[in-house]
Chemist: 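Sharing a structure, written as structure tokens. Questions coming.
Throughout, a chain's letter reflects where its sequence line sits, starting with A, and its residues are numbered from 1. Nothing here was measured: the structure is a model prediction, and the numbers come from that model. Below, each value reflects all heavy atoms present in this structure, side chains not excepted, and no hydrogens, waters or symmetry copies.
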Amino acid sequence: MYVAVKGGETAIRNAHALLAEERRGDPAVPELTLEQVKEQMALAVDRVMTEGSLYDRDLAALAVKQACGDLIEAVFLLRAYRTTLPRLAVSEPVDTATMDIRRRVSATYKDLPGGQVLGPTFDYTHRLLDFSLAETGHPQEKPAHGDAATIPERMPKVVDVLDHEGLIEREVAPPEPAEATDLTRVPLDFPAGRDARLQNLARGDEGFLLALAYSSQRGFGSAHPFAGEIRMGEVAVEIVPEELGFAIEIGDITLTECDMVSQFKGSATESPKFTRGYGLSFGHCERKAMAMALVDRTLRTRELGGEARYPAQDEEFVLSHSDNVEASGFLQHLKLPHYVDFQGELVTVRHLKAEAARRRPEQEEIVP
Amino acid sequence: MTNAIREPLAGYNFAYLDEQMKRSIRRAILKAVAVPGYQVPFGSREMPLPYGWGTGGIQVTASIIGAEDVLKVIDQGADDTTNAVSIRQFFARTTGVATTERTAEATIIQTRHRIPERPLGPGQIIVYQVPIPEPLRWVEARETETRKMHALQEYGVMYVKLYEDIARFGCINTSYNYPVLVNGRYLMAPSPIPKFDNPKMDRNPALQLFGAGREKRIYAVPPFTSVRSLDFEDYPFDVQHWDHCCALCGAADSYLDEVVTDDHGGRMFVCSDTDYCGERRAAGHAGPGTPIPLAAEAAE
């Protein structure tokens, strides 16, 4: 005998208990500490901070632990917490030229002032499983640190090198008032300004942006970019408290920045030059910053006089679908009961079927 | 210059790939050699390097390399760039073969973005790493369409693109990966080598193999095969020229890299082919050696 599902409250309580049990795993295995997540899953923490739009390593580590390593779920947790926080101040724009560099590579010039700094990277590791990592307490190779004093305090940016020769478009400051659009407070509107677009992409899903950037590289959109520069390191954040009237430093954050350089053949009003695409992320999220920079440039197709023919060039398509918390929620809402709407569809389909059978009695369906 | 042979990495097959896989790649290579310029699909595998970093070239090299071979790997013409070093180490570890930085000594040269300045000889094989094997990709995004265009030898659209460039900009706006017609039949992407290197492909005594791992294509130019860069009778193909010679070796016939020397626009021009430059310097050639300030250039 069928009994309609009732008692949702108990079911929910049990489901949560089950999840907690799954999260903990075998109690014989020591529990993960937040320090461990923060220190040894640093790239997961950085991605969650970037897409969660909140720079807080501790909270991001907590979110990763609570989400059992599901990073989109962790981003969701962090965003939901972020919304409860008061806004204390808006910082001054950070000056990435003064970044305390840990990594800086350029694919456009073989050598350049300040030099290439490989830093911590998966690049050039052969992807061979390192079975020594399966053991705990395995011996660790100490890096031979280069002389940190040789890294200049202020490293010129590659785009500025191009700028000296007038080879690259100038970054034009937005007209007053210079307050940037904040998508966490105002809805997205089209056409979106560059500020709104960059914020959207910075919060956007890494996988989605990666796929879009890749599609444009493969011909579905014509991106022929060069990685002008990728830099990662620490930058000081400054605010101007009202009562002081001058800027004070409140701390350092780690950022990854990418300038993509692509050729622009010129138009009726503009001379040929290189154009920019820009990417920025919290922590060390290099793939994200690069994908963001590529998509940022691709989205400028119309602005530069081109025709938007492919998804990666279509602002509305990209910006409306980049947010993984929004996308995940809407997709997963399909798990919610749809009994009522489905009942309506059932009636309609039965009616249509009967109507079709009445019109074509000779084509009677064979029911198994 | 040649580094000695050593023991290959234990636990892995010679040159990493298993013998059946290497055989299947060699079959694709044979077909590619038989139909010059035609893109042969092949079952590219995951390699322990990221796609786009030379997985196609590595698979081709792995399937043709033997214990007697001497391998040279260059990236941007240089033996000492990180990616070249990494790939050379990969083969040194997995095959134990001798490696070299000398073009003349190598039997196999795997390259990204350059053909060495020193002419290649018979018996040498140059393996190109190819990111986008389809020369028509920028005029037609869909593979289903471009395959048809190749079958019908329908290349008018590429000539139209070149013509439009000339009409709009007064020159052909393609500086690398400049399309070529191989053996009078197939349009081929020469991989992103500068067009400066295109003439070196024509009737080259060496076997030229092209591997695109991510796009799963292999193609080839057999020795002494014609490779013609597309152009027009009244608008002949031309390569890059510099107003400077190499600051280190004085070469005026090589492809030059620009090295930025300060943040006021000062720069030097040096050979991108490090072996060529080194050999010339060893033979006593010297260049001006000093950076050129941007201001001086502007005053010229």
Chemist: Is it the side chain or the backbone of A:D123 that comes within 4.5 Å of chain B heavy atoms, both, or neither?
Modeler: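 A:D123 touches chain B through backbone and side-chain heavy atoms alike.
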Chemist: Walk me through it: do B:Y16 and A:H126 pass the test side chain to side chain contact (heavy atoms under 4.5 Å, CB included)?
Modeler: CA-CA 12 Å; B:Y16 192 77; A:H126 294 152; over 6 Å; no
Chemist: Under 4.5 Å from any heavy atom of chain B, what part of A:T125 do you find: side chain, backbone, both or neither?
Modeler: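 When you check distances to chain B, only backbone atoms of A:T125 fall under 4.5 Å.
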Chemist: For A:K110 and B:A78, which heavy atoms make the closest approach, and how far apart are they?
Modeler: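 Where A:K110 meets B:A78 most closely, the heavy atoms are NZ-CB, 4.0 Å.
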Chemist: If I measure from the heavy atoms of chain B, does A:R218 come under 4.5 Å with its side chain, its backbone, both, or neither?
Modeler: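 Both backbone and side chain.
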Chemist: Look at B:T82, B:V259, B:V270 and state which one has the largest set of heavy-atom pairs under 4.5 Å with chain A.
Modeler: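 Between B:T82, B:V259, B:V270, the count favours B:T82.
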Chemist: Identify the two heavy atoms, one from B:R214 and one from A:Y214, that lie closest to each other, and give their separation to 0.1 Å.
Modeler: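 Closest pair (atom of B:R214, atom of A:Y214, distance): NH1-OH, 2.8 Å.
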Chemist: Is it the case that over 12 heavy atoms from other parts of the model lie below 6.0 angstrom from the CE atom of B:M21?
Modeler: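 Yes, the 6.0 Å shell around CE holds more than 12 heavy atoms from other groups.
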Chemist: At a 4.5 Å cut-off on heavy atoms, which part of A:P156 comes close to chain B: side chain, backbone, both, or neither?
Modeler: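 Side chain only.
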Chemist: I want to check something: taking the side chain as every heavy atom from C-beta on, are B:N173 and A:Q263 in contact at a cut-off of under 4.5 Å?
Modeler: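 Sidechains of A:Q263 and B:N173: in contact.
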Chemist: Are there more than 12 heavy atoms of other residues, nucleotides or ligands under 6.0 Å from atom OH of B:Y163?
Modeler: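 Count not over threshold, so no.
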Chemist: For residues A:P113 and B:V260, report the shortest heavy-atom separation together with the two atoms involved.
Modeler: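 Reported closest heavy-atom pair: CD-CG1, 3.6 Å.
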Chemist: Between A:S106 and chain B, which part of the residue has a heavy atom less than 4.5 Å away: side chain, backbone, both or neither?
Modeler: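 The answer is neither part of A:S106.
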Chemist: Identify which part of B:F90 has an atom lying under 4.5 Å from any heavy atom of chain A, answering side chain, backbone, both or neither.
Modeler: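 Answer is both: backbone and side chain atoms of B:F90 are under 4.5 Å from chain A.
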Chemist: Please look at B:D257 and chain A and tell me whether the side chain, the backbone, both or neither of the residue comes under 4.5 angstrom of a heavy atom of that chain.
Modeler: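 For B:D257, the side chain is the part near chain A, not the backbone.
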Chemist: Between chain A and each of B:R168, B:Q89, B:R93, B:Q76, count heavy-atom pairs under 4.5 Å; write down the option with the most.
Modeler: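 The residue among B:R168, B:Q89, B:R93, B:Q76 with the greatest pair count is B:R93.
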Chemist: Select one option (side chain, backbone, both, neither) describing which atoms of A:L118 are under 4.5 Å from chain B's heavy atoms.
Modeler: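 Only the side chain of A:L118 comes within 4.5 Å of chain B.
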Chemist: Is the count of non-hydrogen atoms from other residues, nucleotides or ligands lying under 6.0 Å from B:R147 atom CZ greater than 12?
Modeler: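 Yes - once you tally the heavy atoms of other residues, nucleotides and ligands closer than 6.0 Å, there are more than 12.
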Chemist: Within a reach of under 6.0 Å around CZ of A:R276, are more than 12 heavy atoms found that belong to other residues, nucleotides or ligands?
Modeler: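 Yes, the 6.0 Å shell around CZ holds more than 12 heavy atoms from other groups.
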Chemist: How close do A:G219 and B:A141 get, counting heavy atoms only, and between which atoms?
Modeler: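 Taking A:G219 first and B:A141 second, the nearest heavy atoms are O-CB, 3.4 Å.
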Chemist: Contact between A:R127 and B:L49 at the side-chain level, heavy atoms closer than 4.5 Å - yes or no?
Modeler: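 A:R127 vs B:L49: side chains apart.
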Chemist: Who wins among A:F122, A:Y109, A:Y310 for the most heavy-atom pairs under 4.5 Å with chain B?
Modeler: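 Of the options given, most contacts go to A:Y109.
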Chemist: Would you say that more than 12 heavy atoms from the other residues, nucleotides or ligands in this model lie under 6.0 Å from the CE of B:M47, or not?
Modeler: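 Counting neighbours around CE of B:M47, more than 12 heavy atoms of other residues, nucleotides or ligands fall under 6.0 Å, so yes.
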